[in-house]
Amino acid sequence: MKRVLLPPLAIALALALWEGAVRVVHIAPYILPPPSRVFAAFGANLATLSLHGATTLVEIALGLAAASLCGFAIALLLHASPSVERAARPFLVASQMVPVFAIAPLLVVWLGYGIWPKVVVTALIGFFPIAVAESDGLRTASPGAVDLLLSMGATRRQILTKLLIPASLPALFSGLKVAATLSVVGATIGEWVGARRGLGFLMLEANARLRVDLVFASILALTLVGLLLYLALRIIERHALRWRDRAL
Amino acid sequence: MGAVWAEKVEKSFGTGSERLSVLAELSFHAGDRRWLTILGPSGCGKTTLLRIVAGLLEPDAGVVRVGPAAGSRLGRTAYLPQEDTLFPWRTALENALLPSEIDGRPRADARREALELFDRFGLAGFEQIYPRQLSGGMRQRVELARTFLARRDVLLLDEPLGALDPLTRAALQDWLVEVWTEFRRTILLVTHDVEEALLLSDEILVLSARPARVRDLVLLSDWERPRARADRRLFEDRARLLDALTREVTA
């Protein structure tokens with residue numbers, strides 16, 4: 001009971017401190033609104049927030065799906081041949097050195113103001129942890145299990161689908177969860193650079209109008225979107241790896 | 001059909017001064033549906049020999065043949081590696097169906113066959129259980145069920161009972177004899193347990209310390225199975241074999 005109650009209690013305490021501090025020190029609400037005002041703004045603008053949130057959620061979902069496909073495909077390619085791995089590694093590392101902020105405006109020029117530049121930014125940020133995790137995961141199968149399949153006369157493809165990929169799933173899910181948290185950042189950046197919709201866009205607009213309470217409400221909404229995504233992944237993981245969680 | 005020949009097999013690992021000779025001029029023959037046990041001190045190259053027969057390694061010199069046809073041995077034997085090779089994400093039954101999937105046999109037939117074998121192997125009721133929920137002895141039964149379900153004429157078993165406690169081990173030895181009597185196959189069993197070798201085999205190939213050579217060939221086919229652990233012959237042969245093996249280790 002204590003374990004269940006502790007996290008919400010801690011959050012409530014933090015919020016109470018925030019509320020108290022703002023009131024006692026008399027901080028202007030356009031600098032730092034108290035949580036009560038943030039929640040009020042969240043409630044009052046629920047329709048707007050849901051509308052923009054839906055756009056952001058679609059961007060994140062598409063971006064994450066693209067990141068998963070690319071990350072998985074890259075890991076398989078790297079696994080398929082050591083020379084491909086050697087040739088591709090500099091590009092992979094370089095792709096993570098390029099600040100995504102720097103190419104986001106270019107993407108707007110190339111792809112317009114719609115959801116696609118955001119999807120691409122999200123995918124660019126998310127594919128790397130997935131590719132790295134899956135790459136490692138493909139190496140987790142035991143040599144004895146590989147021997148077993150080889151002795152049965154299994155093909156390379158069978159070894160991959162029957163053994164290496166299933167054995168890699170725990171690692172893949174770790175990568176996916178990292179990518180999911182990063183994807184919220186990706187979509188937000190994408191929207192800051194140029195958008196007509198989305199929580200990032202709403203945030204900028206509210207900021208320009210000094211509606212700091214609405215900025216915080218947008219952040220809250222983004223956090224909820226991220227949490228939702230994370231929970232969805234957890235549920236899929238629980239199901240996919242049920243052999244691991246089953247109690248003795 | 002399921003005979004295994006090995007003729008002057010040699011194998012070493014590494015190069016130059018690091019070169020380690022593992023098998024030296026090793027020859028043996030295991031007849032069809034016979035049980036040949038390979039007995040030798042730890043680290044003498046028994047596993048290497050089994051991996052060569054399975055086709056996972058090629059000898060540096062010499063010839064190994066499984067069955068009548070020459071050529072690659074991969075896919076011709078059912079190899080059970082020493083380490084735990086059950087796939088943890090598959091249930092016991094799904095693990096046992098793995099060979100049929102590799103061979104591309106119809107799933108319904110393979111399933112029916114596996115369920116019958118599970119019944120015979122004392123695994124009924126454990127079909128949908130994941131490996132981590134099974135005891136050591138049960139896991140070994142599932143691994144052996146999978147090995148039998150590979151439908152190969154030759155089974156290569158690398159210390160299948162080595163990790164078990166003595167009681168479970170003894171129970172599984174008896175069980176293995178029972179199962180083998182019913183589903184006769186050619187078996188090459190690697191072990192360093194002298195009693196196990198005497199209880200189970202038709203012939204025992206005694207190997208020297210590394211590099212492994214054939215020290216002795218013990219013929220037991222005149223001895224009816226199941227063999228009693230209290231049998232006089234077991235005591236005498238065990239003492240003799242242990243003597244020979246300990247001389248190998250201290251030499």
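In what follows, every chain begins at residue 1, and chains take the letters A, B, ... in the order their sequences are listed. The model shown is predicted, which means the values in this text are computed figures rather than measured ones. Atoms considered below: every heavy atom in the structure, side chains included; atoms not considered: hydrogens, waters and symmetry mates.
Ranked by heavy-atom pairs under 4.5 Å with chain B, the first of A:S142, A:A145, A:A167, A:A154 is A:A167. Comparing B:A78, B:A150, B:P99 by heavy-atom pairs within less than 4.5 Å of chain A, the highest count is held by B:P99. Of the residues considered (A:P143, A:G153, A:S151), A:S151 shows the highest number of contacts with chain B, using heavy-atom pairs under 4.5 Å. Across B:L98, B:I129, B:T77, B:L156, the residue that shares the most heavy-atom pairs under 4.5 angstrom with chain A is B:L98.
Qualifying side-chain hydrogen bond (donor to acceptor under 3.5 Å, both in side chains) partners for B:R141, counting only residues two or more places apart in sequence or in other chains: none. A:A217 pairs by the side chain to side chain contact (heavy atoms under 4.5 Å, CB included) definition with A:A41, A:F42, A:L49, A:L214, not counting sequence neighbours.
With a 4.5 angstrom heavy-atom cutoff, A:L163 touches chain B via backbone and side-chain atoms both. Contacts between A:A240 and chain B at a heavy-atom distance below 4.5 Å are absent for every atom of the residue. When heavy atoms are compared at a cutoff of 4.5 Å, B:I102 approaches chain A by way of both its backbone and its side chain. Residue B:Y79 touches chain A through both its backbone and its side chain, counting heavy-atom pairs closer than 4.5 Å.
For the pair A:M152/B:E101, no side-chain contact is recorded, criterion being any heavy-atom separation below 4.5 Å from C-beta on.
Within a 6.0 Å radius of CZ in A:R234, more than 12 heavy atoms belonging to other residues, nucleotides or ligands are found. Other residues, nucleotides and ligands contribute over 12 non-hydrogen atoms within 6.0 Å of the CZ atom of B:R169. For B:R105, the CZ atom is densely surrounded, since the number of other residues' heavy atoms within 6.0 Å is greater than 12. For A:R156, the CZ atom sits in a loose shell: 12 or fewer heavy atoms of surrounding residues, nucleotides or ligands are nearer than 6.0 Å. Remark: B:W175 CH2 is packed, more than 12 non-hydrogen atoms of other residues, nucleotides or ligands lying under 6.0 Å away. More than 12 heavy atoms of other shown residues, nucleotides or ligands fall within 6.0 angstrom of atom CZ in B:R65.
For the atom pair CZ of B:F87 and NZ of A:K162, the computed distance is 9.5 Å after rounding to the nearest 0.5 Å. Taken from CZ in B:R51 to CG in A:L150, the straight-line distance is 9.0 Å, to the nearest 0.5 Å. The distance from atom OG1 of B:T147 to atom CG of A:L148, rounded to the nearest 0.5 Å, is 7.5 Å.
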